[in-house]
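Presented below is the structure to which this report refers.
The sequence lines fix the lettering, A, B, ..., with proteins before strands; numbering per chain opens at 1. The shown structure was predicted, so the numbers you read here are calculated from the model rather than taken from an experiment.
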Number of protein chains: 2
Amino acid sequence: MKIATWNVNSVRTRLEQVIDWLRQTPVDVLCLQETKVVDADFPRSPFEHLGYYVYASGQKSYNGVAILSQQPLQDVSTGFAPLLVESGIVEAELLAALDEQKRVIAGTLDRVRIVNLYVPNGAAVGSEKYEYKLGWLKVLREYLRSQLLVSPVMCVCGDFNIAPDERDLHDPDKLTGQIMASELERQALQEILALGFADAFRKFITEGGHYSWWDYRTAAFRRNLGWRIDHLYLSPQLYQQAIACWIDPAPRKLPKPSDHTPVVVEF
Amino acid sequence: MKIATWNVNSVRTRLEQVIDWLRQTPVDVLCLQETKVVDADFPRSPFEHLGYYVYASGQKSYNGVAILSQQPLQDVSTGFAPLLVESGIVEAELLAALDEQKRVIAGTLDRVRIVNLYVPNGAAVGSEKYEYKLGWLKVLREYLRSQLLVSPVMCVCGDFNIAPDERDLHDPDKLTGQIMASELERQALQEILALGFADAFRKFITEGGHYSWWDYRTAAFRRNLGWRIDHLYLSPQLYQQAIACWIDPAPRKLPKPSDHTPVVVEF
DNA sequence: GCCCTCCTGG
DNA sequence: CCAGGAGGGC
């Protein structure tokens with residue numbers, strides 16, 4: 001089985017590229033972020049004709065996540081709302097506010113709980129959006145903790161907007177401490193991973209210089225000035241079973257690409 | 001010699017298509033309308049590399065005209081300003097106001113005065129913009145009259161936003177009297193032609209159903225719901241010498257086309 | 001429908 | 001640099 005994650009920066013603009021990629025790389029599950037489209041306008045049929053079931057949770061202009069799966073998914077849920085059933089952990093009003101931004105969708109395939117995330121960008125360290133990101137990550141941890149109780153076999157993936165360590169930045173001296181590489185973000189991520197998740201990519205590749213995102217500005221891709229911020233985190237049993245994990249840089253080389261490129265894990 | 005006119009609806013957006021068309025149809029002179037770019041940002045070098053001299057008069061967002069010529073042009077002028085030298089015919093303030101909209105550029109090649117026009121659209125009959133169009137056409141007549149005194153051999157071409165008669169409309173019963181086919185616009189055009197110009201296209205093709213513009217809306221091109229509003233008007237000597245005139249529908253069939261297609265006259 | 005500008009977001 | 005959207009023009 002193969003699961004992939006890809007921030008496509010508008011699924012409508014990138015439709016042809018995503019379809020082409022799936023033809024070349026027919027993963028079982030593709031998790032998309034930044035779809036930027038309400039569910040009613042999601043381009044379902046091109047994916048359905050390719051043999052994928054489509055599960056989407058989107059909004060106008062911003063954010064938006066979706067899961068494409070060759071097999072139907074069970075127990076599809078969107079947002080942090082499932083936390084509400086265990087009331088008391090997080091205030092209902094806070095959850096409702098967080099869920100206005102469509103950043104979370106989950107579903108189950110063969111007892112594997114797949115959680116697809118678009119973590120807030122955070123703008124700049126110390127900004128209001130940075131505080132929002134940190135708050136969101138705290139709620140994410142509670143959400144994943146409660147999901148683990150019912151589904152201990154999990155793949156948590158998506159655009160985390162966090163480079164876990166210096167190997168994941170093209171210029172750690174300059175970028176460490178900046179957004180996506182600040183102490184508090186990395187700590188928040190580590191506290192999530194401490195629930196029992198491990199980085200699929202790092203099971204196979206330990207050296208630095210492998211990136212999943214390159215800024216559109218300053219010709220960053222041509223100069224390989226990247227960040228590794230798109231991740232596939234696995235619970236212990238799945239991590240054991242992983243036999244490969246790779247970043248596919250090809251889509252980032254196309255004309256009019258997304259600024260992110262897909263990451264795939266294979267079991 | 002071949003002279004062509006083409007409303008490209010943004011020369012930057014259509015750059016590749018215009019270059020491709022010139023490679024296939026290396027006219028001596030190409031008159032462009034709706035370039036929608038200030039002169040400093042006009043994409044000169046692609047045309048220069050093709051062997052064309054570039055003369056442009058543009059503004060931000062709207063209007064804008066340009067002449068591309070394989071030979072350098074003499075006495076290039078922009079706007080109605082040349083009328084100012086014969087003061088008294090039209091008020092200087094009116095001319096200055098009209099010339100804020102970049103709709104006129106002229107130049108001389110081999111004693112042929114080439115005048116490239118983007119006539120105001122006029123919105124709807126009776127509107128303020130309609131009155132502007134009629135006023136503009138009156139000034140145009142005075143402008144052409146004064147140009148004829150110094151350059152009796154003329155080719156006046158461009159997007160006239162007027163269909164001269166019923167043959168130039170796909171549905172004359174419905175469209176006659178509407179904008180681009182109203183009595184006053186047609187009269188104003190006839191008063192201009194009475195200075196001594198004749199329609200190059202009508203020297204060769206007298207039947208209706210030949211169009212140069214199809215609205216982007218309502219799939220007008222697919223259904224051939226067009227208008228013939230792009231014209232090449234010739235002074236008597238040139239009209240005698242014309243050996244062909246045709247509309248090239250090919251560019252209108254491309255993806256992301258202009259809503260107009262080129263018209264060419266050959267001497 | 002498809003241009004343009006200007007805005008916000010990344 | 002590249003998305004989406006709003007607003008105006010044709």
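Distance, Asn121(B) CG to dC4(C) C1': 15 Å, rounded to whole Å. In this structure, Glu185(B) atom CD and dC10(D) atom C1' are separated by 14 Å, rounded to whole Å. With rounding to whole Å, Gln101(A) atom CD is found 14 Å from dT8(C) atom C1'. Rounded to whole Å, the distance from CG on Asp159(B) to C1' on dG9(D) is 14 Å. Rounded to whole angstrom, the span from the CD atom of Gln59(A) across to the P atom of dA3(D) amounts to 18 Å. Atom P of nucleotide dC3(C) and atom CH2 of Trp214(B) are separated by 17 Å, given to the nearest angstrom. The interatomic distance linking Asn7(B) (CG) with dG9(D) (C1') rounds to 13 Å, in whole Å. In this structure, Asn9(A) places its CG atom 7 Å from P of dG4(D), rounding to the nearest Å.
The side chain of Arg217(B) lies closest to dC10(D) when the candidates are dG10(C), dG4(D), dC10(D). Considering only side-chain atoms of Tyr62(A), the nucleotide from dA3(D), dG9(C), dC3(C) that sits closest is dG9(C). Picking from dG9(C), dC10(D), dG5(D) the nucleotide with the shortest atom distance to the side chain of Arg103(B) gives dC10(D). Here dT5(C) is the nucleotide among dG4(D), dT5(C), dG10(C) with the atom lying nearest to any side-chain atom of Lys60(B). When each of dC4(C), dG4(D), dC2(D) is scored by its nearest atom to the side-chain atoms of Lys36(A), the top-ranked nucleotide is dG4(D). Here the nucleotide nearest the side chain of Thr13(B), chosen from dC6(C), dC4(C), dG10(C), is dC4(C). Closest to the side chain of Tyr118(A), from the set dA3(D), dG10(C), dC2(C), is dG10(C).
A donor atom on one side chain and an acceptor atom on the other are not found under 3.5 Å apart for Gln101(A) and Tyr62(A).
The nearest heavy atom of DNA chain D to Asp215(A) and to Ser61(A) marks one nucleotide each, and the one closer to the 5' end goes with Asp215(A).
Within a 6.0 Å sphere centred on CD of Glu48(B), other residues, nucleotides and ligands contribute more than 12 heavy atoms.
Taking only side-chain nitrogens and oxygens, Lys256(B) comes nearer than 4.0 Å to OP1 or OP2 of dC3(C). Phosphate contact (OP1/OP2 of dC2(C), side-chain N/O of Arg14(B), threshold under 4.0 Å): absent. For the pair Arg12(A) and dG4(D), the criterion of a side-chain N or O lying under 4.0 Å from OP1 or OP2 is not met.
In this structure, Asp168(A) does not pair ionically with Arg186(A), as no charged nitrogen and carboxylate oxygen lie closer than 4.0 Å. The pair Asp199(B)-Arg228(B) meets the salt-bridge criterion, with a side-chain N (NZ, NE, NH1 or NH2) lying under 4.0 Å from an Asp/Glu carboxylate O.
For the side chain to side chain contact (heavy atoms under 4.5 Å, CB included) with Val263(A), the qualifying choice from Asp159(A), Leu232(A), Ile3(A), Asn7(A) is Leu232(A), the only one to do so.
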